[in-house]
Participant: 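One structure, pasted below without further comment.
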Amino acid sequence: MDAYDIFKKLTKGLKFKYRVLGVKNDTQSAKTPLKKDIDSQKSPEIKEEIEEEEPVLSNSESDCESGKDDLHIVEGVKIGEKRKKKIKDKPEDLKKKLELEEQNRFRNEHGIKAVGRHVPSALKDFSELTSRYNVSSALVETITQCGYTEPTPVQRQALPCMLEDRQILACAPTGSGKTAAFLVPLLHVLGGAQGGPRALILCPTRELAHQIYREALRLSASTQLRCSVIRNVKESKVKEREATIRKSDIVISTPNRLCYLLNQDNVNISLDKVRWLIIDEADKLFEGSADQTSDFRQQLEQVLTACGSKQRRVAMFSATHTPAVAKWCRHNLRGLIAITVGQRNAATHLVEQELLYCGNENGKLVAFRQLVQKGLKPPVLVFVQSKDRAKQLFKELIYDGINVDVIHADRTQTQRDNVVRSFRVGRIWVLICTELMGRGMDFRGVNLVINYDFPPSAISYIHRIGRAGRAGQSGRAITFFTQDDVVNLRSIASVMKQSGCDVPEYMLKLKQNPNKRKKLMKKAPHRDKISTILEKRPDKRKLESEKDLNKENRAKDTQTVNDARNKKQRKVSSQEQKIVKQKKGTDKKENKKGKKINKKRKKKAFVKPAASS
Ligand SMILES: Nc1ncnc2c1ncn2[C@@H]1O[C@H](COP(=O)(O)OP(=O)(O)OP(=O)(O)O)[C@@H](O)[C@H]1O
């Protein structure tokens, strides 16, 4: 294939103009008919450009002179030469490209990843709320008065998305401001007070619902919006709760309490005006059976059905991300934007994490008391695996002279509220708690979390230690573990490693029996009772002396038993002898009698016959 054929193939479909090159012989430069087409199409200046630059081509190969046989396409682009200039973008396209690049750089700088179509650009500061979304300056002022000088990463991305009516699934570290991230858009979007809930916030625990309610009151101070939290739904309180919900614009509740009210016959709660359904700690609510039958999923379906508005949007938040939540969101939320800040399912970097081997349960109590002796800096949260163990530890520590209290599901709501309040204001220094306080609870200043019992999972560990190191503050977490916990050690060690902690290599290489691990991780392992009384084990010498003593005692016991047995035997034998004697005696008598009788009988019976032959 010669050059011409190659040229033909390369320029197939291209319109270009060429002329016969000026050569020595008399061949005239022939204008190709094509020129007319081009002239008619091009503007005058482009035409001049073509005229000036336009060299002519020989119409036969032999005539081509070196250097003059370049083929030129319109606008001076030479074949056979690399294109010097890309095809210029249109100005507006170029601007968009530059903006996108700037946005991606900004997101990377703040560790934000947003996946979805047409993701709104992240906020640079709170003032953009007004310039971009016309959020009232009063609300922005309130945000500032709450001490929020600049948006946290999750707020930078979640606020624009929700303000642009986009459904989101946001995963951001503990203590990174997710609550304000969903409250601020609601306060703007809902506008003035209208009553009849138009925003619904669901979360796993009553304490967290109450905390969100407090934050909502703070942030909504400059608005007329009415927020309410559904408290205990006793039979006698149902009507009162119904009235409260009807008057509220934003309702905060646990799924159980809301669904309890929705299922009451004599209660008429309308959720068809709800514009936003917010689910905080979403993965916790989705926990449990992976199939569709888990309680929360049924409750969520019920709530979604009740929130029938076509404008209804859903936003889910958590510090940890599970496939179950992601799958549900992908299937149910149109236009979803998935926001991830930092590494997914990673512990916050702000908490210094330690593992402390305590040998056994008694060792934990010793280790805890040693920490107290070294000096604990209150407030301190102490996590145990069950309410019974919480009670046991509380009994043990109450006499240690530290302001300690305990919170668990067996305490009344009033007691729980009082304990949380006392802990917040510093009346309680050490709060013993279960998983009830493991998520979402925001206690300013908690700088030490002690996992007295090993956490049931890596996700639980992330949330527990996340009670410290909040709002940019640093914190510390100490996790006790015993021989029984070694099987679950690796998952926690890898979370620690991922968040930048030094972890002994052997912990990361520990083999876990997946079956045993899963069983253990699902059910809290049985642990000895937390007590210094019953389980006291004497030292070895005592043991040995006791053993000797026991031996002697046993020997004596056996001796006494033998003696007793012998006596008994003797007695028995003597009695038997007596009996025997008596028997003999009677027998003799009987014999004598018998003999007498026999004699008589014989006499009778054995009468000699008369002389007979
Ligand atoms: N922009 C901000 N600037 C400073 N502090 C903030 C900001 N936003 C929220 N906070 C504070 O950070 C703390 C943690 O906020 P929040 O409880 O919302 O965290 P979270 O992400 O929900 O944590 P968790 O995952 O544990 O629920 C709160 O005390 C809150 O007042």
Side-chain angles (χ1 to χ4, degrees), residues 110-112 122-129 139-159 168-187 201-205 207-219 221 252 278-285 315-322 325 339-342 344-351 379 381 383 420 423-424 433 435-447 449 459-475 477:
H110 292 276
I112 301 169
L123 286 184
K124 292 202 172 32
D125 54 42
F126 284 124
S127 63
E128 273 192 42
L129 290 174
L139 177 54
V140 177
E141 179 60 29
T142 306
I143 293 170
T144 313
Q145 286 165 0
C146 288
Y148 304 169
T149 48
E150 65 169 75
T152 61
V154 68
Q155 292 166 358
R156 290 181 187 281
Q157 191 60 70
L159 288 171
I168 63 173
L169 168 59
C171 179
T174 51
S176 60
K178 293 188 283 294
T179 309
F182 60 71
L183 284 175
V184 169
L186 299 185
L187 300 176
I201 302 172
L202 299 179
C203 63
T205 63
E207 283 73 18
L208 183 52
H210 203 268
Q211 175 181 291
I212 294 171
Y213 171 63
R214 290 169 65 248
E215 182 78 347
L217 291 181
R218 275 196 336 152
L219 289 168
I252 303 154
I278 309 290
I279 297 175
D280 195 13
E281 306 299 343
D283 59 322
K284 180 68 178 172
L285 289 169
M316 294 201 183
F317 291 79
S318 181
T320 46
H321 173 96
T322 53
V325 177
I339 301 169
T340 306
V341 175
R344 191 176 282 176
N345 293 349
T348 170
H349 291 262
L350 299 168
V351 173
L381 271 176
F383 283 99
V420 171
F423 189 60
R424 284 193 197 281
C433 57
E435 290 296 308
L436 181 76
M437 307 302 276
R439 276 186 182 246
M441 294 311 291
D442 180 57
F443 298 111
R444 287 177 186 274
V446 166
N447 46 45
V449 168
I459 281 188
S460 164
Y461 174 79
I462 290 169
H463 284 276
R464 283 186 180 187
I465 70 167
R467 295 318 99 206
R470 301 176 69 79
Q473 307 295 321
S474 62

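Counting starts at 1 for both ligands and their atoms, in listed order. In what follows, every heavy atom counts, from backbone to side chain, and hydrogens, waters and symmetry copies are set aside. These numbers were taken from a predicted model, which means no experiment stands behind them.
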Participant: Provide, to 0.1 Å, the distance between atom 8 (N) of ligand 1 and the closest protein heavy atom, together with that atom's residue and name.
Facilitator: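 Checking every protein heavy atom, the shortest distance to atom 8 (N) of ligand 1 gives Q155 NE2, 2.9 Å.
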Participant: Can you tell me how far CG of L159 sits from OG1 of T152, rounded to the nearest 0.5 angstrom?
Facilitator: 8.0 Å
Participant: What protein heavy atom lies closest to atom 12 (O) of ligand 1? Include the residue and the distance to one decimal.
Facilitator: A471 CB, 3.3 Å
Participant: Would you say R467 has any N or O atom under 3.5 Å from an N or O of ligand 1, going by distance alone?
Facilitator: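 Yes, R467 has an N/O under 3.5 Å of an N/O on ligand 1.
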Participant: I need the D125 CG to T149 OG1 distance, nearest 0.5 Å.
Facilitator: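 OG1 of T149 is found 10.5 Å from CG of D125.
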Participant: Quick one: nearest non-hydrogen protein atom to atom 28 (C) of ligand 1, plus distance?
Facilitator: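 Residue, atom and distance for the closest contact: D442 OD2, 3.3 Å.
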Participant: Can you name the atoms of ligand 1, numbered from 1 with element, that are less than 4.0 Å from a heavy atom of A319?
Facilitator: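 Listed by number with element, the hits are 25 (O).
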Participant: Could you name each residue pair satisfying salt bridge (charged side-chain N to carboxylate O under 4.0 Å, His left out) that touches residues 139-151, not counting sequence neighbours?
Facilitator: E150-R156
Participant: Atom 23 (O) of ligand 1: which protein heavy atom is closest, and how many Å away?
Facilitator: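 Protein heavy atom at minimum distance: G175 N, 2.8 Å.
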Participant: Can you list the ligand 1 atoms lying under 4.0 Å from a non-hydrogen atom of T179?
Facilitator: 16 (P), 17 (O), 18 (O), 22 (O)
Participant: Pull out every atom of ligand 1 sitting under 4.0 Å from any heavy atom of G177, numbered as shown with elements.
Facilitator: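 Listed by number with element: 8 (N), 9 (C), 15 (O), 16 (P), 18 (O), 19 (O), 20 (P), 21 (O).
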Participant: For atom 30 (C) of ligand 1, which protein heavy atom lies nearest, and how many Å away is it?
Facilitator: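 Scanning the protein heavy atoms, the shortest distance from atom 30 (C) of ligand 1 goes to Y148 OH, 3.4 Å.
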Participant: Find all atoms of ligand 1 within a distance of less than 4.0 Å from any non-hydrogen atom belonging to S176, and give their numbers and elements.
Facilitator: 19 (O), 20 (P), 21 (O)
Participant: In Å and rounded to the nearest 0.5 Å, what is the CZ to CD1 distance from R214 to I252?
Facilitator: 11.5 Å
Participant: Would you compute the distance between atom CZ of F126 and atom CD of Q155 and round it to the nearest 0.5 angstrom?
Facilitator: 4.5 Å
Participant: Would a 4.5 Å heavy-atom cut-off, applied to side chains only, mark M437 and R467 as touching?
Facilitator: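 No, their side chains stay 4.5 Å or more apart.
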Participant: Going by the atom numbers of ligand 1, which of them fall below 4.0 Å from some non-hydrogen atom of T152?
Facilitator: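 Listed by number with element, the hits are 1 (N), 2 (C), 7 (C).
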Participant: For residues H463 and T320, is any side-chain donor paired with an opposing acceptor at under 3.5 Å?
Facilitator: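 On atom types as modelled, these side chains qualify, holding a pair under 3.5 Å.
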Participant: Quick check on contacts: which atoms of ligand 1 are under 4.0 angstrom from a heavy atom of E281?
Facilitator: 27 (O)
Participant: Any atoms of ligand 1 less than 4.0 Å from a non-hydrogen atom of P173? List them with their elements.
Facilitator: 21 (O)
Participant: By salt bridge (Lys or Arg N to Asp or Glu O under 4.0 Å), which residues pair with R439, not counting sequence neighbours?
Facilitator: E281, D283
Participant: For the OG1 atom of T174 and the CZ atom of R464, what is their distance to the nearest 0.5 Å?
Facilitator: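 Interatomic distance, T174 OG1 to R464 CZ, rounded to 0.5 Å: 14.0 Å.
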Participant: Would you say that S318 contacts V325 through its side chain, given a criterion of any heavy-atom pair below 4.5 Å between the two side chains?
Facilitator: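 No, their side chains stay 4.5 Å or more apart.
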Participant: Considering only non-hydrogen protein atoms, determine which one is nearest to atom 25 (O) of ligand 1 and report residue, atom name and distance to 0.1 Å.
Facilitator: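 Answer for atom 25 (O) of ligand 1: K178 NZ, 2.7 Å.
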Participant: Considering only heavy atoms, does R444 approach ligand 1 within less than 4.0 Å through its side chain, its backbone, both, or neither?
Facilitator: side chain
Participant: What is the distance from atom NZ of K178 to atom CG of D442, rounded to the nearest 0.5 Å?
Facilitator: 10.5 Å
Participant: Tell me whether E150 reaches ligand 1 (any heavy atom closer than 4.0 angstrom to a ligand atom).
Facilitator: yes
Participant: Should you measure from each heavy atom of R218, which atoms of ligand 1 turn up under 4.0 Å away?
Facilitator: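 Close to R218: 31 (O).
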Participant: Write out the residue and atom name of the closest protein heavy atom to atom 17 (O) of ligand 1, then the distance separating them to 0.1 Å.
Facilitator: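 For this ligand atom, the closest protein heavy atom is R470 NH2, 2.9 Å.
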